[in-house]
There are 2 protein chains.
Amino acid sequence: MGPTIHDVARLAGTSKSTVSRYLNGQQVKKATQEALDKAIKELNFHRNANARRLVLDRTNIIAVVVDNISNIFYSGVIRGIEGVANVKGYNCTFLSWTSNYSEEISFLNLLYEGQVDGIILVSFQKRKNEDLERIRESQYPIALIGDHGGMDGIFAVDVDNAAGVYDIVGYLHSLGHREIAYISGPQHAAANQHRFNGYLQAMETLGLTYRPEWVVESDWSSQGGYRAMQQLLERKGFSAVIGSNDEAATGALRAIQEHGLNVPKQMSVVGYDDISISEWVYPSLTTVRQPFEAIGRKAAEGLVQQIEGVQDKKQEAIHLLKPKLIVRDSCGTK
Amino acid sequence: MGPTIHDVARLAGTSKSTVSRYLNGQQVKKATQEALDKAIKELNFHRNANARRLVLDRTNIIAVVVDNISNIFYSGVIRGIEGVANVKGYNCTFLSWTSNYSEEISFLNLLYEGQVDGIILVSFQKRKNEDLERIRESQYPIALIGDHGGMDGIFAVDVDNAAGVYDIVGYLHSLGHREIAYISGPQHAAANQHRFNGYLQAMETLGLTYRPEWVVESDWSSQGGYRAMQQLLERKGFSAVIGSNDEAATGALRAIQEHGLNVPKQMSVVGYDDISISEWVYPSLTTVRQPFEAIGRKAAEGLVQQIEGVQDKKQEAIHLLKPKLIVRDSCGTK
DNA sequence: CTCTTTTTTGGGAACGTTCCCATTTTATCA
DNA sequence: TGATAAAATGGGAACGTTCCCAAAAAAGAG
């Protein structure tokens with residue numbers, strides 16, 4: 001298994017207790033320190049993490065569970081989480097729950113089995129309320145990013161999805177648009193519902209008429225946005241379209257151009273998310289930027305507080321962060 | 001810490017040994033099995049992973065170390081790795097070495113400290129040959145994806161970068177292009193060097209003249225590709241440009257269009273990587289698709305073999321997988 | 001029913017640490 | 001120098017498992 005603390009002790013002519021103390025930063029005599037340094041180097045000694053964790057009942061690891069590791073969407077969130085975690089002395093490990101999410105919510109086992117000190121669930125897709133209930137009743141440190149299902153007693157951070165779309169509609173309205181189509185995301189996604197609510201609310205507030213035939217559902221992929229837009233183009237009558245995420249908006253952009261219409265002169269397009277490519281499609285996409293890094297930071301801070309017992313369970317709350325409109329070239333005046 | 005095997009034993013009226021055996025799938029009497037099931041359920045018992053790992057000296061975890069978790073580039077690779085790993089009974093955990101890669105190659109500590117059974121380094125950027133040497137001399141299971149620095153005794157899987165660009169030049173040549181510009185990636189990246197070599201080789205084989213002023217360096221970002229293309233456009237004389245990755249090519253596409261040239265009629269553009277967005281930029285990008293998933297699978301298989309002692313260290317080798325040209329709309333005849 | 005074989009069980013050591021407590025060594029002060 | 005305080009050290013239990021070995025129970029054979 002590699003050298004142990006005993007081997008070091010023997011080589012340095014001292015006891016394992018002294019070695020342990022030295023490794024944990026306690027004071028030892030200068031002579032012993034030198035002997036220990038020498039022995040550790042010579043043996044290439046490393047403390048066994050599993051033995052430490054067993055006795056300490058602590059791992060200093062935070063698990064970040066996402067649905068798809070490579071989702072570009074998460075880049076900023078992850079940066080935020082890692083930043084806070086590292087400062088506080090934790091390492092992050094990332095898992096996809098596609099492989100982990102069977103009948104039981106098996107990522108909870110990471111906690112039950114003592115593999116990690118806490119979990120951040122990134123845009124957790126609950127299948128039933130029971131899932132959230134299970135998370136709540138496990139008394140372990142957990143932070144949710146995304147849908148919290150309106151359940152309290154769970155620490156959750158989310159972006160104010162409704163506000164983002166609300167702002168978009170307001171912006172289009174200020175450019176003179178009155179007829180605004182909408183490409184929604186998948187029904188079941190909570191974020192999608194909130195965004196759509198923002199659309200409805202804004203339309204109503206601004207006195208615009210909501211036309212069901214100007215709303216088409218997509219799966220939030222470019223492909224899906226492309227197809228949705230093709231359907232919308234047959235229905236006519238609107239001068240702007242909102243994609244409920246940037247990928248769908250990118251697909252829509254393509255469909256409009258293939259249809260022979262100029263963006264932004266004949267049709268305005270807005271996305272949502274501000275993924276990195278949005279600046280580089282043609283024309284560059286007006287969109288809404290989510291405060292990803294801030295979300296990640298907030299979640300990590302809340303989690304660490306739970307782990308270290310600072311946070312009173314009662315004080316747990318849902319934190320909503322506001323997104324920001326990014327104006328580029330894909331919208332014109334009507 | 002939660003209930004232990006002792007608690008279960010007491011409640012079920014048996015010994016801890018029997019509990020342990022049952023949990024490990026050995027035969028017990030039907031009566032005891034029922035008592036155990038009941039006790040386990042009642043206590044919500046879960047085995048402590050750290051205690052198990054300590055005694056078994058095995059974690060069944062594979063660490064996948066990447067430079068940036070959210071790099072879309074890795075999506076397929078990760079899928080490949082996870083697929084094989086799960087079948088073989090391992091869980092994957094993903095780490096970024098930006099946070100981990102200090103003076104010491106600290107991800108090696110994951111092995112020394114017994115935190116994981118093996119490591120897959122995805123497109124490892126060595127800083128000095130000493131790094132590879134350290135990896136080799138640590139006798140632990142490690143697989144490299146990407147640059148292997150020509151060093152043997154290390155299990156490495158890589159894509160045949162030169163072949164990909166070679167094919168691109170051949171394709172452009174077949175369309176009638178004779179003057180072909182090139183947007184390179186960062187000098188230090190090994191993949192970039194191989195790709196550029198492919199460019200040079202192909203030019204020579206096909207009898208085309210290599211003009212240094214038609215090669216500009218980028219940082220492989222869209223922004224970088226955009227700037228590089230602006231420089232190239234001032235120099236004129238070529239009818240096609242190869243971006244050494246899709247992001248740079250996307251930026252180039254944009255610069256060309258802003259410059260008033262039509263793609264593909266007046267300028268052909270090719271990318272490299274086939275990232276998901278490439279199909280959706282306008283015009284859709286002809287590019288080279290890397291066998292990402294196959295790479296991931298190959299690396300995971302090699303690693304598991306090392307862990308399980310099947311693989312003779314001598315047999316370790318460098319595996320080169322071939323990419324494939326994907327023809328879309330961004331190239332025209334000359 | 002007894003003897004043998006097979007199955008099931010329990011006790012205890014081991015894995016490599018940390019931490020408490022008692023003891024020894026060193027430092028301080030009069 | 002001797003008494004006392006402070007610093008450094010060593011021994012041993014504990015953390016929650018697994019696994020070996022011996023003992024007990026059950027099953028099978030005659």
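Protein atom CZ of Arg53(A) is 16 Å distant from nucleotide atom P of dT17(D), rounded to whole Å.
Counting only heavy atoms from C-beta on, His6(B) has its side chain closest to dT17(D) among dT17(D), dT9(C), dT17(C).
Checking Ile5(A) against Lys29(A), the closest nucleotide of DNA chain C that is more toward the 5' end is the one next to Ile5(A). When each of Ser17(A) and Ala51(B) is assigned the nucleotide of DNA chain C with its nearest heavy atom, Ala51(B) is the one assigned upstream, toward the 5' end.
Salt bridge status for Glu133(A) with Arg136(A): present, with a side-chain N to carboxylate O gap under 4.0 Å.
Between the side chain of Thr18(A) and the base of dG10(D), no donor-acceptor pair under 3.5 Å is found.
The residue Tyr22(B) sits apart from the nucleic acid: no heavy atom pair falls under 4.0 Å. Residue-level contact check: Arg47(A) touches the backbone only, with heavy atoms under 4.0 Å from sugar-phosphate atoms and none from bases. Note on Leu54(B): a base of the nucleic acid sits closer than 4.0 angstrom, heavy atoms only. Residue Gln27(B) is in sugar-phosphate contact alone, with no base atom involved, counting any heavy-atom pair closer than 4.0 Å across all strands shown. Ser20(A) comes within contact range of at least one nucleobase, with a heavy-atom separation under 4.0 Å. At a threshold of 4.0 angstrom between heavy atoms, the contacts of Asn50(A) with the nucleic acid are absent.
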